[in-house]
Student: 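Just passing along the structure, written as structure tokens.
Values below: every heavy atom of this structure, side chains too, minus hydrogens, waters and symmetry copies. Sequential numbering from 1 along the given sequence is applied to the chain's residues.
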Amino acid sequence: MTARKYAALHHSGARTVGTVAEVGVDADLVIVCVFTDEQVRAVCLDGELLARMPAGSTLVVHTTASPATAEAVATRAAVRGIGVLDAAISGGPHDIAAGQLTLYVGGDKDTFDRTRPALAAYGDPILHVGAIGAGLRTKLVNNALFAAQLGLLADAVALAAHLGITEHALLEALSHGSSGGRVIDRVAARGSLTEFTTAVGGFLDKDVAVVERTAAELGGDLGALGTAIRARRGVEHA
């Protein structure tokens with residue numbers, strides 16, 4: 001982070017701390033947004049963050065991680081009288097800039113209602129979808145379906161090429177057809193399926209791995225979603 005950005009943050013009222021645990025001292029609300037499930041566990045379970053947060057405060061976890069991790073964090077936090085919400089995020093940079101990230105939130109309804117005004121600073125809509133872990137489960141289903149749609153689109157692009165239609169022409173046409181939707185619009189904005197998956201593949205593959213593992217732990221599978229997801233992977237690694 002540049003000196004200019006540091007100065008801007010301090011001017012807005014932010015302050016720096018030496019450790020993650022110090023963030024929790026006297027905090028009413030702590031928001032965790034890291035990349036992986038392992039990082040959530042390191043911050044919320046292996047470290048001293050919860051031990052430093054006061055009773056009556058709330059911890060919000062935005063990371064798309066295992067629902068079991070969210071439940072473990074909530075169990076640990078409850079002993080100290082701390083509320084926990086798993087608030088999985090759906091959206092991209094344009095949604096962040098507009099303050100319109102979609103939040104799928106799991107947790108106690110009273111804790112959700114108390115925390116919602118803070119989440120509204122960057123989330124809209126904010127959807128309470130059930131008990132702790134439900135936000136993550138909803139996001140995992142969403143991302144599995146998203147990845148499957150990309151897989152179907154990959155096969156559609158291959159079919160179009162076989163029929164003599166370019167990918168550019170196909171994407172433009174589908175955007176106006178009955179099969180159109182947000183997935184096709186986002187791919188079309190990037191110019192090609194390859195360009196789009198290169199940009200989002202790392203994030204999407206991480207989330208799909210979580211949903212595959214979660215489904216397997218529950219003794220299930222992704223069904224037709226899994227078949228379509230594998231089609232996307234086949235195109236990416238061709």
Student: Got H10 and T16 here, is their nearest side-chain heavy-atom distance under 4.5 Å?
Tutor: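 Sidechains of T16 and H10: in contact.
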Student: How many angstroms lie between OG1 in T36 and CG in D207, if you round to the nearest 0.5 Å?
Tutor: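 Result: 11.0 Å between the selected atoms.
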Student: In terms of hydrophobic clustering (I, L, V, M, F, W, Y; side-chain heavy atoms under 4.5 Å; direct or indirect links), are M53 and L45 co-clustered?
Tutor: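 Yes, one cluster joins them.
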Student: How far apart are the closest heavy atoms of H94 and R186, and which atoms are they?
Tutor: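 H94 and R186 have their closest heavy atoms at NE2-NH2, 4.2 Å.
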Student: Do V17 and L59 land in one hydrophobic cluster if side-chain heavy atoms of ILVMFWY residues count as linked below 4.5 Å?
Tutor: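 Linked within one cluster.
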Student: Could you state the interatomic distance from CZ (F196) to CG (L153), rounded to the nearest 0.5 Å?
Tutor: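 So the CZ of F196 and the CG of L153 are separated by 9.5 Å.
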Student: Tell me yes or no: between the side chains of T19 and E22, is some donor less than 3.5 Å from an acceptor?
Tutor: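 Checked: T19/E22 side chains pair up, N/O donor to acceptor below 3.5 Å.
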Student: Supply the atom-to-atom distance K5 NZ to L9 CG, rounded to the nearest 0.5 angstrom.
Tutor: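 With rounding to 0.5 Å, NZ (K5) is 9.0 Å from CG (L9).
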Student: Give the cluster check for V129 versus L103: same hydrophobic cluster or not, with ILVMFWY residues linked at side-chain heavy-atom distances below 4.5 Å.
Tutor: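 No; L103 is not reachable from V129 via cluster members.
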Student: Is any side-chain N of the basic residue among K109 and D113 closer than 4.0 Å to the acidic one's carboxylate O?
Tutor: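 Looking at D113 together with K109, the answer is yes, because their closest N to O distance falls below 4.0 Å.
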Student: I'd like to know if R137 and E71 make a salt bridge, using a cut-off of under 4.0 Å between side-chain N and carboxylate O.
Tutor: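 Counted as a salt bridge, because a side-chain N and a carboxylate O are separated by less than 4.0 Å.
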Student: Do H11 and Y6 have ring centres separated by under 6.0 Å?
Tutor: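 Not under 6.0 Å, so no.
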Student: Please report the interatomic distance CG(L127) to CG(D124), rounded to the nearest 0.5 Å.
Tutor: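 Spacing of CG (L127) from CG (D124) equals 9.0 Å.
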Student: Looking at OG of S175 and CG of D185, how far apart are the two atoms once the value is rounded to the nearest 0.5 Å?
Tutor: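 If we round to the nearest 0.5 Å, S175:OG and D185:CG are 4.5 Å apart.
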Student: Answer yes or no: is there a side-chain heavy-atom contact under 4.5 Å between I82 and T58?
Tutor: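 A side-chain contact is absent here, since even the closest heavy-atom pair is not under 4.5 Å.
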Student: H62 side chain to A88 main-chain N or O, any donor-acceptor pair under 3.5 Å?
Tutor: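 No, because the side chain of H62 does not come within donor-acceptor range (under 3.5 Å) of the backbone of A88.
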Student: Can you name the nearest heavy-atom pair linking A27 to S57, along with the distance?
Tutor: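 Heavy-atom minimum between the residues: O-CB, 3.2 Å.
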Student: If I compare all heavy atoms of S179 with all of L174, which pair ends up nearest, and what's the gap?
Tutor: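 Looking at all heavy atoms of both residues, the shortest contact is OG-CD2, 3.5 Å.
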Student: Crowded around D26 CG? As in, over 12 foreign heavy atoms under 6.0 Å?
Tutor: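 Incorrect, the count does not exceed 12.
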Student: For T64, does its backbone N or O pair with a side-chain atom of K206 as donor and acceptor, under 3.5 Å?
Tutor: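 Checking the backbone N and O of T64 against the side chain of K206, a donor-acceptor pair under 3.5 Å is found.
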Student: Hey, mind stepping through V40 and V34 against side chain to side chain contact (heavy atoms under 4.5 Å, CB included) and telling me if it holds?
Tutor: CA-CA 7 Å; V40 173; V34 291; 3.7 Å; yes
Student: Applying side chain to side chain contact (heavy atoms under 4.5 Å, CB included) to F146 and V183, what does each step give before you reach the verdict?
Tutor: CA-CA 7 Å; F146 179 56; V183 172; 3.5 Å; yes
Student: Between T102 and N142, does the side chain to side chain contact (heavy atoms under 4.5 Å, CB included) criterion hold? Intermediate values first, please.
Tutor: CA-CA 12 Å; T102 297; N142 174 79; over 6 Å; no
Student: Run V30 and L49 through side chain to side chain contact (heavy atoms under 4.5 Å, CB included) and show every step you take.
Tutor: CA-CA 9 Å; V30 173; L49 176 61; 4.2 Å; yes
Student: Answer yes or no: are there more than 12 heavy-atom neighbours, outside H168 itself, under 6.0 Å from its atom NE2?
Tutor: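 It does not: H168 NE2 has 12 such atoms or fewer within range.
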Student: Specify the closest pair of heavy atoms between C44 and V61, including all atoms of both residues, with the distance to one decimal.
Tutor: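 Heavy atoms of C44 and V61 come nearest at SG-CG2, 4.5 Å.
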Student: Is a side-chain donor or acceptor of D86 paired with a backbone partner of G135 at a separation under 3.5 angstrom?
Tutor: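 Yes, because the side chain of D86 sits within donor-acceptor range (under 3.5 Å) of the backbone of G135.
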Student: Give a yes or no on this: more than 12 heavy atoms of other residues, nucleotides or ligands lie within 6.0 Å of atom CG of D28.
Tutor: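 No, CG of D28 has 12 or fewer neighbouring heavy atoms, counting only those of other groups under 6.0 Å.
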Student: With no hydrogens and no angle check, is any side-chain donor or acceptor of K139 less than 3.5 Å from a backbone partner on I89?
Tutor: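 Yes; at least one donor-acceptor contact below 3.5 Å.
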Student: Checking the side chain of R80 only, and the main-chain atoms of A51 only, is there a donor and an acceptor separated by less than 3.5 Å?
Tutor: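 Yes, because the side chain of R80 sits within donor-acceptor range (under 3.5 Å) of the backbone of A51.
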Student: Say whether L145 and V200 are linked into one hydrophobic cluster, either directly or through other cluster members, by side-chain heavy-atom distances under 4.5 angstrom.
Tutor: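 Cluster IDs for L145 and V200 match.
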Student: If I compare all heavy atoms of L170 with all of A160, which pair ends up nearest, and what's the gap?
Tutor: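 Closest approach of L170 to A160: CD2-CB, 3.6 Å.
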Student: Quick one: pull up CG in L159 and CG in D155 and give me the separation to the nearest 0.5 Å.
Tutor: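 Reported value, rounded in 0.5 Å steps: 8.5 Å.
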Student: Under the salt bridge (Lys or Arg N to Asp or Glu O under 4.0 Å) rule, collect the residues that match up with D221, sequence neighbours excluded.
Tutor: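 Result, salt bridge (Lys or Arg N to Asp or Glu O under 4.0 Å) vs D221: none returned.
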Student: So which heavy atom on A147 is nearest to which on I229, and how close?
Tutor: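 Taking A147 first and I229 second, the nearest heavy atoms are CB-CG1, 3.8 Å.
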Student: Membership question, hydrophobic clusters at under 4.5 Å side-chain separation (ILVMFWY): are V73 and V32 in the same one?
Tutor: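 Per the 4.5 Å side-chain linkage, V32 and V73 are co-clustered.
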Student: Just checking H162: does its NE2 atom have more than 12 heavy atoms from other residues, nucleotides or ligands closer to it than 6.0 angstrom?
Tutor: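 It does not: H162 NE2 has 12 such atoms or fewer within range.
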Student: For residues D37 and T69, is any side-chain donor paired with an opposing acceptor at under 3.5 Å?
Tutor: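 T69 and D37 do have a side-chain donor-acceptor pair below 3.5 Å.
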Student: Got a donor-acceptor contact below 3.5 angstrom from the Q39 side chain to the F35 backbone?
Tutor: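 Yes: the side chain of Q39 pairs with the backbone of F35.
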Student: Give a yes or no on whether the backbone of T111 and the side-chain of D108 come within a donor-acceptor separation of less than 3.5 Å.
Tutor: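 Yes.
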Student: Return yes if some donor-acceptor pair links the side-chain N/O of T63 with the main-chain N/O of A65 below 3.5 Å, else return no.
Tutor: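 Between the backbone of A65 and the side chain of T63 there is no qualifying donor-acceptor contact (under 3.5 Å).
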Student: Using modelled atom types and a 3.5 Å cut-off, is there a donor and acceptor pairing between side-chain atoms of T115 and backbone atoms of F112?
Tutor: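 Side chain of T115 to backbone of F112: no pair is present.
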Student: If only atom types and distance count, is the side chain of H128 paired as donor or acceptor with the main-chain N or O of G107 below 3.5 Å?
Tutor: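 Checking the backbone N and O of G107 against the side chain of H128, a donor-acceptor pair under 3.5 Å is found.
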